[in-house]
Amino acid sequence: MIMVSSSYMLLSVVIATFICPGYNVVDSLHMEGRLSTKQNWSFLSRFCFLSNIGRMEYKFVYSKAACCYNVLLYFDGGHQWSSVYLNDSKSCAEKEGILQPSSNQIINLTVDYRWSNCRIHNSSMEEGNLICTGGRSFRSLQEQWWYIAISNCRGKIEGIYLDYDLELTNGHSFWTKQFSADEFGILETDILFLLLFSCMFVLSIVVANNLQGRQMLHVTYKIFMICLFFEVLGLLNLCIALGTYASDGVGNESLKLFGRGLGTAAEIFFLLLLLLLANGFTVTRGRLSYSGTIKMTVFITLFTIINSTLFIYEYMLSDPGLVLYVFESPAGIGVIILRFFAWLWFSRSTLITLKHYPEKQTFYFPLYGIYSLWFFSQPLMVLISANLIPKYMRAKLVNAIDLLIDLLAYGFFLSLMRPRTANKNFPYHVRTSQIGSCETDERQSFPHCVYQSNSTSDVHITTYDIFTVQQPTTVTSSSPNTNDQSDDEEHTSPPSYEEVAADMVETL
């Protein structure tokens, strides 16, 4: 039952997670298109510029008959942007009036304003187009978000209809030119963690080979390897997408979304892994109960669907005029709430498992302590990023901290799985070939683990393997020969402690 249900859960995770990357979202530094709206004031784009080296190159084309449009440059300090955006109580002229022409925050797209470098495309004054090409540098005390809007407050034709071509840059370096200042270092950070996760994945293969040699390669460890594989593949896709973006300012948004989707899938699989281990799967039991399997399937599917909704909100429904952390959205709050319920389930299951198998304390105590912190790391990051981290530093810091938390979580789990005598936290004591024969009751639980020899008055075990469940055999007397054999065994002394210890060391 657990194998079929696990397969269904894994399939549901993959399908629901990758629904969203099919959408192509335009979010690039090099923007071109046509703005067509009946409103006289419209938001166009935003960018976080570095002081002195941030620059905007533009080209605007619109009908001379609609003259004259203005390009408005707002910054997020001093409540400039917050006082005009989504504020219907202010008229177009009032939104323009917040800006001071002396600060060069207004670019008049007209031939009378020589700094806009506008010209008439042909000699017909009635049918000609105005073509405005030029640039503007940005100076401020620190990195700052700038918002670009178009206005037509005194035009002859209602609405805004123009073609635009914008290139927003920060310097000339490959690592900074095409990136907003809040994204500096994300590509380098992703490359570093790609190398670290790749090394960890190689180590997990080595550990898997050791476990396979001991017949201890259980399903839970395979799920852990799937998590690592998705992390590596996701970071690889993100690095390729960001590298392309650094080259041309456009990049490959579908590849970026695919990489983000793989990272989310890795998180969901890891959550599934922790819940399975808390319920004792492959540690104290060979399969979950029917009701437990149904609950697990429903919860993981619900968690996956809400994560997919978070993707949709971030890339299709979020407002580009606001700099918000994605978890401030309703879908993000839903993910945090489900994560809290997952921790409650994780806690309850761990306590029940320890009640029936107290000898597993060396594994479950560190597992519960460390991964309780992992469950609460995301809500804590939401609070810190929303209230303490400046907006121009939020993206790069959150990305680095999230990757560091995942690396530490996977690294600690890998350390628990090392099949060495020095590892007192090793969880498994039943081989994969013994699972069917060890399930003895309706809870499908394993016998209690045997890490050392067991001796009774009727039988002496001569094989000592700390990774094997010992099942003593009973001695029956059905014939005189059997009685003679029993009499002979009574004269045979049990092996000494030194012999037992030597056999165990040799086996290890």
Nearest-0.5 Å distance, OH of residue Y221 to CG of residue L277 = 12.5 Å
Does one side chain, of S89 or N87, offer a donor that lies under 3.5 Å from an acceptor on the other?
-> yes
Min side-chain heavy-atom separation I150-N70 under 4.5 Å = no
Evaluation steps, ring-ring contact (aromatic ring centres under 6.0 Å, His included), between Y74 and Y147 | CA-CA 5 Å; Y74 300 87; Y147 302 85; 8.1 Å; no
Atom pair CD1 (I240) and OG1 (T244), whose distance is rounded to the nearest 0.5 Å | 7.5 Å
For residues 185-194, tabulate all N or O donor-acceptor pairs below 3.5 Å that involve a side-chain atom, not counting sequence neighbours.
from, atom 1, to, atom 2, distance (Å)
T189, OG1, G185, O, 2.7
D190, OD1, N399, ND2, 3.3

Describe, in one word, how the ring planes of F43 and W81 are oriented to each other, choosing from parallel (under 30°), tilted (30 to 60°) and perpendicular (over 60°).
-> tilted
Please say which of R136, Q80, E96 ends up in a side-chain hydrogen bond (donor to acceptor under 3.5 Å, both in side chains) with Q105.
-> Q80
Could you walk me through whether S42 and L35 pass the side chain to side chain contact (heavy atoms under 4.5 Å, CB included) check?
-> CA-CA 9 Å; S42 178; L35 178 60; 3.7 Å; yes
Side-chain (T353) to main-chain (A278) donor-acceptor, under 3.5 angstrom = yes
List the atom of L73, the atom of N104, and the distance in Å for their closest heavy-atom pair.
-> CD1-O, 4.1 Å
Can you find a side-chain donor-acceptor pair between R55 and S137 that sits under 3.5 Å?
-> yes
Which residues pass the disulfide bond (SG atoms under 2.5 Å apart) test with C48, sequence neighbours left out?
-> none
Taking C-beta and beyond as the side chain, do M381 and I401 meet within less than 4.5 Å on heavy atoms?
-> yes
In short, salt bridge (charged side-chain N to carboxylate O under 4.0 Å, His left out) pairs touching residues 331-348 with sequence neighbours left out are E267-R339
About how many Å separate CZ of F224 and CG of L274, when rounded to the nearest 0.5 Å?
-> 10.5 Å
Backbone N/O of L99 and side chain of S103: donor-acceptor pair under 3.5 Å = no
Mind running side chain to side chain contact (heavy atoms under 4.5 Å, CB included) on E231 and D406 for me, showing each step along the way?
-> CA-CA 9 Å; E231 284 284 356; D406 289 342; 3.5 Å; yes
Taking C-beta and beyond as the side chain, do L44 and V71 meet within less than 4.5 Å on heavy atoms?
-> no
Side-chain contact, heavy-atom cut-off 4.5 Å: V382 with I384?
-> no
Where the side chain of D165 meets the backbone of G33, is there a donor-acceptor pair that is under 3.5 Å apart?
-> no
Nearest heavy-atom contact between K222 and L217 is CE-O, 3.8 Å
Under the side chain to side chain contact (heavy atoms under 4.5 Å, CB included) rule, what do D182 and R394 come out as? Steps first, then yes or no, please.
-> CA-CA 7 Å; D182 67 316; R394 181 180 295 175; over 6 Å; no
Looking only at non-hydrogen atoms, find the nearest pair between L275 and A342 and report the distance.
-> CD2-O, 3.7 Å
Between S63 (side chain) and A65 (backbone), is there a donor-acceptor pair under 3.5 Å?
-> yes
Give a yes or no answer on whether the side chain of S372 reaches the backbone of G369 with a donor-acceptor pair at less than 3.5 Å.
-> no
Can you see which heavy atom on M31 is nearest to which on S45, and at what distance?
-> SD-OG, 3.2 Å
Q39, CD: over 12 other non-hydrogen atoms inside 6.0 angstrom | no
Between W175 and F184, is the ring centre distance below 6.0 Å?
-> no
Nearest heavy-atom contact between E143 and A181 is CG-CB, 3.8 Å
Y161 atom OH, neighbour heavy-atom count above 12 within 6.0 Å | yes
Criterion ring-ring contact (aromatic ring centres under 6.0 Å, His included) against Y371, the qualifying member of F346, F270, W343 = F270
Check: Y62 and N129 side chains under 4.5 Å, non-hydrogen atoms | no
Please tell me if the side chains of V207 and P419 come closer than 4.5 Å, counting only heavy atoms from C-beta onward.
-> yes
Verdict with reasoning, K90 to I98, per side chain to side chain contact (heavy atoms under 4.5 Å, CB included) | CA-CA 11 Å; K90 288 184 179 294; I98 292 179; 4.2 Å; yes
Looking only at atom types and distance, does a side-chain atom of N40 sit under 3.5 Å from a main-chain N or O of C153, one as donor and one as acceptor?
-> no
Spacing of F281 atom CZ and L273 atom CG [to the nearest 0.5 Å] = 10.5 Å
Taking the six-membered ring for Trp, are the ring centroids of F60 and Y58 within less than 6.0 Å of each other?
-> yes
What distance separates F47 CZ from S180 OG, expressed to the nearest 0.5 Å?
-> 4.5 Å
With side chains defined as the heavy atoms from C-beta onward, is the minimum distance between N279 and M296 less than 4.5 Å?
-> yes
R260 bridged to E253 by N-O distance under 4.0 Å = no
Compare all side-chain heavy atoms of F138 with those of Q144 and state whether any distance is below 4.5 angstrom.
-> no
Between Y368 and S347, do the side chains contain an N or O donor and an N or O acceptor separated by less than 3.5 Å?
-> yes
Can T220 and T282 be counted as having a side-chain donor-acceptor contact under 3.5 angstrom?
-> yes
Gap separating the OG atom of S415 from the CZ atom of F413, nearest 0.5 angstrom | 9.5 Å
May I ask you to check if R46 and W146 form a cation-pi contact, with NZ or CZ under 6.0 angstrom from the six-membered ring centre and within 45° of the axis?
-> no
More than 12 foreign heavy atoms under 6.0 Å from CZ of F174: is that the case here?
-> yes
Please report the shortest heavy-atom distance between L338 and F299, naming the atom on each side.
-> O-CZ, 3.5 Å
Testing N152, T110, I107 for side chain to side chain contact (heavy atoms under 4.5 Å, CB included) with Y69, which one passes?
-> N152
